[in-house]
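First listed ligand is number 1; within each ligand, the first listed atom is number 1. Computed over heavy atoms, backbone and side chain alike; hydrogens, waters and symmetry mates excluded. As the structure is a computational prediction, the values presented were derived from the model and not from experiment.
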Amino acid sequence: MKTDLRKLVVLVGLGALLLLAACGGGGTTASGGGGAASGGSATIEVSVDGENLAFNKTTLEAAAGQQVTLTFKNVSAVQQHNWVLVSGGDSAAAAIASDGLQAGLAANYLPANNANVLAHTKVLDGGASETITFTAPSAGTYLFICTVPGHYPLMQGTMTVK
Ligand SMILES: [Cu+2]
């Protein structure tokens, strides 16, 4: 009798563990626009405001340490654009844009080995898109910019990491 009860307790315990595993497993994906999630991953889509030198979103969100899958769609017919996440605020972003100009199109208008470049797409022609994955940095506010010549500082927004 006693051993039966013990077995029952073990079985109930196992069941609870399985339920927990089923709920927690697989990582959660935040669907839709802004893209913040408390889970292990987030999906973000960002585009361009037509032919304007502007992203279609100026604020994005993520959670620290989260794996972010970001798709950048350049919907412009003629303009090239990239999407670059930077740390260090305005002065760092300005330096990246300026050094990127020197680096040229072949380098995606990005300086080599600049630690303030946290994530980036290639320079995309009009109509092209690219999906990148990166780990969201520690909590804070980060700028995302386009470094195609003349587009910074018009083309920028902020990613808030919580
Ligand atoms: Cu641009």
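Between H81 and F72, the ring-plane angle classifies as perpendicular under the 30° and 60° cut-offs.
A search for ring-ring contact (aromatic ring centres under 6.0 Å, His included) contacts involving F144 returns F55, W83, not counting sequence neighbours.
The distance cut-off of 2.8 Å around the Cu ion (ligand 1) captures these protein N, O or S atoms, sorted by chain and number: H81 ND1, C146 SG, H151 ND1, M155 SD.
Side chains of T71 and E45: no donor on one and acceptor on the other come within 3.5 Å.
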Checklist entry - Run the side chain to side chain donor-acceptor pair (under 3.5 Å) check on S76 and E51 step by step: do they pass? => result CA-CA 5 Å; S76 165; E51 300 303 330; 2.6 Å; yes
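Among residue pairs with one or both ends in residues 111-129, those qualifying as side-chain hydrogen bond (donor to acceptor under 3.5 Å, both in side chains) are Q80-D125, S87-N116; sequence neighbours excluded.
Within the hydrophobic cluster formed by Ile, Leu, Val, Met, Phe, Trp and Tyr side chains joined at under 4.5 Å, directly or through other members, Y152 is accompanied by V84, V86, I96, L110, V117, L143, I145.
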